[in-house]
J.: 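Before I ask anything, here is the structure I am working with.
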Amino acid sequence: MTKLRITMAVNGEPADLLVDPDKTLLEVLREDLNLTGTKHGCELGECGACAVLVDGQPLLSCLLVAHECEGRQVTTVEGLVEDGRLHPLQECFADLGGAQCGYCTPGILITAKALLDREPHPSRELIKEALSGNLCRCTGYQQILDAVEEAARRNP
Amino acid sequence: MASNRPSAHLPIRPTGAAVIGRARRRVDGRAKVTGQTTFADDVMLPRMVHCRLLRSSVPHAKIVKVDISKAQALAGVHLVLTGEQFPTAYGILPVSHDEHALCRDVVRFVGDPVAAVVARDEATAEAAVNLIDVAYEPLRTFASPIDSLTYPEPRIHDYGDVGNVHKAVALQFGEVDDAIAKADHVFDDLFFFEGNTHLPLEQHATVATKDADGKLVVYSSTQTPHYLHRALAKALGIPAAHIRVIATPNGGGFGGKSDPFNHEVVVAYAAMRLDRPVKICLNREEVFYCHRGRHPVLMRFRAGVTNDGKLTGLDLQTLLDGGAYGSYGVASTFYTGALQTVTYDIPTYRFRGCRVFTNKPPCGPKRGHGTPQSRFGQEVQLDKIAERLSIDPADLRLNIVQPPDSLTANFLRVRTIGLSDCIKKVVERSGWRDKYRKLPHGKGVGLACSSYLSGAGLPINWNDLPHSGVQLKLDRSGGVTVFCGATEIGQGSDDVLVGIVAEVLGIDPFDVRAVTGDTDLTPVDLGSYSSRVTLMMGNAAIQAAERARELIADAVSTKLEIPKDRLVFAGRRVCDTEDPNKGCTFQEAVCMAEARFGTLGTTGSYTPPRSAARFKGGGVGPSPTYSYTAAVVEVDVDPDTGWVTVPRVWIAHDIGRALNPTLVRGQVEGGVYMGIGEALMEEQVFRRLPAKLSNALVHKFPSILEYKSPTSLDMPDVITDLIEDPDPAGPFGAKEVGQGPLLPIMPAVANAVYDAVGVRIDSIPVTPEKILRALEAKAAGKPARSGPASFPDILWPETLRVTPPWAGGDGRASNDPDRPTNRNVDAGVEARAAKAAWEKSTS
Amino acid sequence: MMRLPSYRYRAPKTVADAAAWLAESPAETMLLAGGTDLIPNMKRRQQTPSTVIGLRSIPELTAITRGQGLTIGSGVTLTGLVHDARVRAHYVGLWQAVAQIATPHLRNMGTIGGNICLDTRCTYYDQTFEWRKAIDFCMKKDGDTCWVATSSDRCLAVSSTDSAPALIALGATVTLVSAAGTREVALSDLYANDGMHYLTRRRDEILTAVRLPSGNGWRSTYWKLRRRGSFDFPVASVAAAARFDGDHIVDARIVLGAVASRPLEVPAASARLVGQALSNDLITAVADDAYALAKPMDNTDFELVWRKKVVRSLVTSALRELRGDDMREARTKLARHPLIVVS
């Protein structure tokens, strides 16, 4: 099988790779770029653990053929830290119990970031809706919702 | 908040504790929000190759032939394995070593591993797996417990009680038949609890490799590295001293990663054979096949009740669908009958439980292990009793709560019990008195309670060794490293460990490094199961830290000439209580101790107190102390469709003492979440194709999409209260919280549905179909109920008869046959301990 | 990890190229739009095309244009549709249907064309190769028997699209383009009640656009039944649209979802409604029509008898909402969804 070349920006850094056409973005991130912060719970689009931002929109990397990301900006959980400082969402999740086992956390942080980028002060209902594609088996979501609300409060 | 330092704005508890009791960022919080936590599948090693398993496509068959030649010939394949390479059986319980890493003669369910391929990448391994030909000779399929009770042959296993009965037990405490016969009312109710599964978001993964000097190293998503360590030693015939198991942080466990698994043994073997790292990561479907989740349980509760709502006796029968292997099943069976008595005063009690083998993935310990099923039955029956006797269900329970510092009919030692406070709290917070039987048709509230172990009193492998060990290393840097075999599965065990050490030594948690879950580096902790870690590891950590404090205090006292009893450890300083300016930094203090005593290291360990129960089966149920929970659930039911929604849950949990309230609340709400899932939608169920056309018996939908786990939109609001009354048995008074809060949710939902629309749903999950069927039955003048209609006749073994403590019993069964025991203890000591316990409880 | 089988990937920039490449070997080629249906199916080896044509780089498929009504490119994402103010204002039923599809992430990826062409679903079919092997496969893929009803000579997999019932109720047509030419068909005619051959689209055709007539004078609604507030496909649904003259209905269409292998129109209902005001008796009669028609099978979540019963309740709710009754509370409870989305 002929490998195809992809060029994309991952967490602001250029990534230029040769990959098989049957690789998903999830596989490329974890196995070719060693960005193992992005998780997988089903690889079928049924759990939300693999969510990443593509051009600012939360998508499921397990369903995205890597070649379809040509020229696009990809942000993973590793890209949330800026200038050595945690993103306010990361601070709030860590402080308020938003992460228990931490396995769904990267996908949820990414999704919540997209939400706050669009709606800096969302209602709790809207946060629930925005995160309704991310399953969490540990928290019961309450502390996750609290953490997103608190991060929103810190938004200017 | 850049470090783990306690936030300055948080209130300081009156006890003066600096760390304990304060809401803090957990010590591993930063790693979890940055993606830095290394889960098993994130372990990437040089030269690593990949493993896939071939699993049985038939439910029950003899293996006639396994042809691996085509798979071996595929380019990129390094190794193909079958059952031939794995002659030695293993299993979690010593009484049921019935698993082989790969099946040898018989496959017992669709999903049972038959062969394994190791190849350069996962895709190649998968392709090779599909080239393996297996010839099967079908055997009868056992799809349900009734099949297994009806047909003794062929036996799914050649061990067990009889036929396809894995284990049947019968215990009686006092003259229960008399007590029920003499009661004012007798309630005889049947319940069913469908099986469900853990569904951790992380799929099980393992990486095995050889270390530099050729010894085996296994990284695995396991809750029980110690038991995996033992199983690998046995299954592979390698001395345990030459195996290192590293439990990677689990991406959720809930009991589903507590057994040693086939894939762990297979990749360990392959890594030794190939001399290179081998990884396996199961896909989601395979996780459903690993299972070890909630047993489907059919129950019959027969209770005698006085006019004022006191229980005179309870006669409980349970039938468990065990699936294809033993797993923890013997313990699970006893657990369905163990904890009824620690919540409520039940003066006479009989429990009979039976677990059968079927051709389905094995059941085992899921959060609550064996107790949620019968907790459901008991709490719904109490609701029925309250209804019939016109007593408010909260008052009925308050009237029968087991007293503190008591010994139950089955010789379980209850210490502190905050159940009454929990009930009062949820009654007050939910506005229960204004809602119960007062809401409009379609809306209702239900109440239920529960209790759970703070760690099992007995280890899985009976011995006198500590259940948890902690080591502390301190040096001139002022840094402290704490070592413990406990496993972080998301519950926060690393945080508990660090928090306790920091508290005792008066330093910041950020000054403490935790090394956990590594059998080479850390002393044994039995694992993250039975809600044992906080209590057992916590007590061991206190002991280790206090011993270190003692050494430091000796040195500082001598050097600075301050009487030792005036030294206080706080704020990273060691100083004189009477003159806080007199003292030194913690680092200086450690240097003084290192200079005086040499290299510093201390240990602590914990062994639970002996149980008063001396009868066979009495090993399941004892715990150093029990947690208690009460919950009120509000429901909304559409009488036209049965559609049920849960807007709100109030829950109060007797935690003893909350070490880190943020984590405690998270455990409570997570328990409510899992309870809501079990109550309303989660089911691990199977599909039997028409027997005339097919032998197939398959998991109905082994996917995250069709196994329904509630989303953020399905989750009710949860109002959580913690009841804090420190228990002397727990570290700083703490009890468990990981499992108990799940238990009252399912019965509270069923009770609320009755309050809303007047029908009893006596089977879990409470689905709209069942509600509508019951409503239609009610409209047709039939019993307003959905649930099982009968309990099969089971040939129970001779009942072991144990006289309750209040009737002069000593914890032994009057007809217990002498049994061999590998407990290396002086029976006289144990008998004296039991007698002392009994005397204490009655004094 | 579940991985894709190997295939040749091609990404045309124009519909013409896509159609030409598709014509090369239509039987072995599949079209990839959002990937939320095809990719899982390929990972489970339900579909194993040798060539995949990615439509994502074709700009002409992603426009929404206004004419008499609205023309929506098949590559418009479901999120794009939900954010369109014209859809929200004039095609409420479509908006409600699309806002409740799957999850926010999947709506960000999935397209309207993909949802219209969504493969029929079945709990005997939407399984891995290994699982299907354990039942000796089924008629829809690699086997002979329909295990849903073993005497059935056709596949009973379920139409699980949310958008199609809403679109059919609103009178939508679709454009199909092949190397041989272009045709426009009523969306209703795109479907056949056969789980395997559920689309009348030829394998060399690309669905490029869906066209809605003017929504003036129409009211529409969509009620969806599923277990959870997110993720789940419908297990029964109803789309209802009616044009009113005062209280009286001038034109009406009721379409059921997820109770057959195609979106199921209820012709008797339309006939019954025209010229009438929506009385309670009329609503009951129409609900009975729908109930009689619905044939759910035991191949989705929930029990089939119950799903059939709930159809009556769904139709009643939908018609009451069209009448102007305040159904917000009932809708929120059933949907477990606030019917709000991130802007």
Side-chain angles (χ1 to χ4, degrees), chain A residues 1-2 4 19-27 30-31 40-48 50-72 107 110-112 114-119 122-135, chain C residues 1-11 32-44 46 48-49 51-52 54-57 77 79-80 82-83 99-110 114 126-128 228-233 332 335-343:
Chain A
M1 194 174 5
T2 319
L4 301 176
V19 298
D20 292 332
D22 56 23
K23 283 255 185 171
T24 58
L25 178 62
L26 170 70
E27 292 161 72
R30 287 181 56 84
E31 296 166 4
H40 59 103
C42 68
E43 305 97 62
L44 297 170
E46 301 173 352
C47 75
C50 68
V52 298
L53 298 185
V54 178
D55 294 339
Q57 224 184 5
L59 304 182
L60 300 181
S61 61
C62 74
L63 298 185
L64 202 52
V65 174
H67 287 285
E68 306 230 303
C69 300
E70 173 63 35
R72 302 173 85 176
I110 280 291
T111 307
L115 168 68
L116 295 190
D117 287 349
R118 269 157 225 260
E119 305 236 4
S123 67
R124 198 158 170 108
E125 280 307 284
L126 192 60
I127 300 170
K128 282 187 194 177
E129 204 285 328
L131 299 181
S132 66
N134 297 89
L135 287 180
Chain C
M1 193 184 295
M2 300 280 289
R3 291 171 199 265
L4 286 165
S6 53
Y7 54 85
R8 183 164 74 132
Y9 174 77
R10 305 181 78 182
L32 174 68
T36 58
D37 186 30
L38 180 64
I39 297 295
N41 286 358
M42 286 176 67
K43 286 185 175 180
R44 290 186 296 243
Q46 293 155 266
T48 49
T51 301
V52 169
L55 301 177
R56 206 181 281 271
S57 320
T77 64
T79 294
V82 169
H83 286 171
Q100 290 183 79
I101 291 175
T103 73
H105 306 84
L106 292 162
R107 292 196 298 273
N108 287 342
M109 303 179 75
D126 293 298
Q127 305 276 5
T128 64
R228 300 176 293 180
S230 188
F231 282 106
D232 296 337
F233 288 95
T332 308
R336 304 183 196 271
H337 190 283
L339 272 285
I340 50 169
V341 293
V342 180
S343 63

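What you see is a predicted model; the values in this text were computed from it and never measured. Here is how names work: the chains are called A, B, and so on, in the same order as the sequence lines, proteins then strands, and each is numbered from 1.
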J.: I need the residue from A:Pro122, A:Cys62, A:Gly48, A:Cys42 with the largest number of non-hydrogen atom pairs under 4.5 Å to chain C.
T.: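 Highest number of pairs under 4.5 Å: A:Cys62.
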
J.: For A:Glu70, which atoms come within 4.5 Å of any heavy atom of chain C: side chain, backbone, both, or neither?
T.: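 Neither part, no heavy atoms under 4.5 Å.
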
J.: Between the side chains of C:Ser6 and A:Asp22, does any donor sit under 3.5 Å from an acceptor?
T.: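 Distance-only check fails for C:Ser6 and A:Asp22.
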
J.: Please flag which part of C:Arg107 lies under 4.5 Å from any non-hydrogen atom of chain A: side chain, backbone, both or neither.
T.: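 Looking at C:Arg107, just its side chain touches chain A.
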
J.: Within the structure provided, determine whether C:Leu339 and C:Thr332 are in side-chain contact (heavy-atom separation under 4.5 Å).
T.: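 When only atoms from C-beta onward are counted, C:Thr332 and C:Leu339 do not touch, as no gap falls below 4.5 Å.
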
J.: Among C:Leu4, C:Asn108, C:Ile39, which has the most heavy-atom pairs under 4.5 Å with chain A?
T.: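 Heavy-atom pair counts peak at C:Asn108.
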
J.: Under 4.5 Å, counting heavy-atom pairs only, tell me which of A:Glu119, A:Lys128, A:Arg118 racks up the most with chain C.
T.: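 Maximum pair count with chain C is reached by A:Glu119.
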
J.: Is it the backbone or the side chain of A:Leu4 that comes under 4.5 Å from a heavy atom of chain C, or both, or neither?
T.: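 Contact with chain C involves the side chain of A:Leu4 alone.
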
J.: For residues C:Met42 and C:Val52, determine if any side-chain heavy atom of one lies less than 4.5 Å from a side-chain heavy atom of the other.
T.: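 Heavy-atom side-chain distance check passes, below 4.5 Å.
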
J.: So do the side chains of A:Val52 and A:Leu26 get within less than 4.5 Å of each other, counting heavy atoms only?
T.: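 No, side chains not in contact.
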
J.: Which atom names give the shortest non-hydrogen contact between A:Leu64 and C:Arg56, and what distance separates them?
T.: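 For A:Leu64 and C:Arg56, the tightest heavy-atom pair comes out as CD1-NH2, 3.5 Å.
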
J.: Can you tell me which of A:Leu115, A:Val54, A:Thr111 forms the most heavy-atom pairs within a distance under 4.5 Å of chain C?
T.: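 Among the listed options, the one with the most contacts to chain C is A:Thr111.
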
J.: Hey, is A:Glu27 close enough to C:Arg3 for a salt bridge, meaning N to O under 4.0 Å?
T.: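 Yes, this pair counts.
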
J.: Is it the backbone or the side chain of C:Thr79 that comes under 4.5 Å from a heavy atom of chain A, or both, or neither?
T.: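 Side chain only.
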
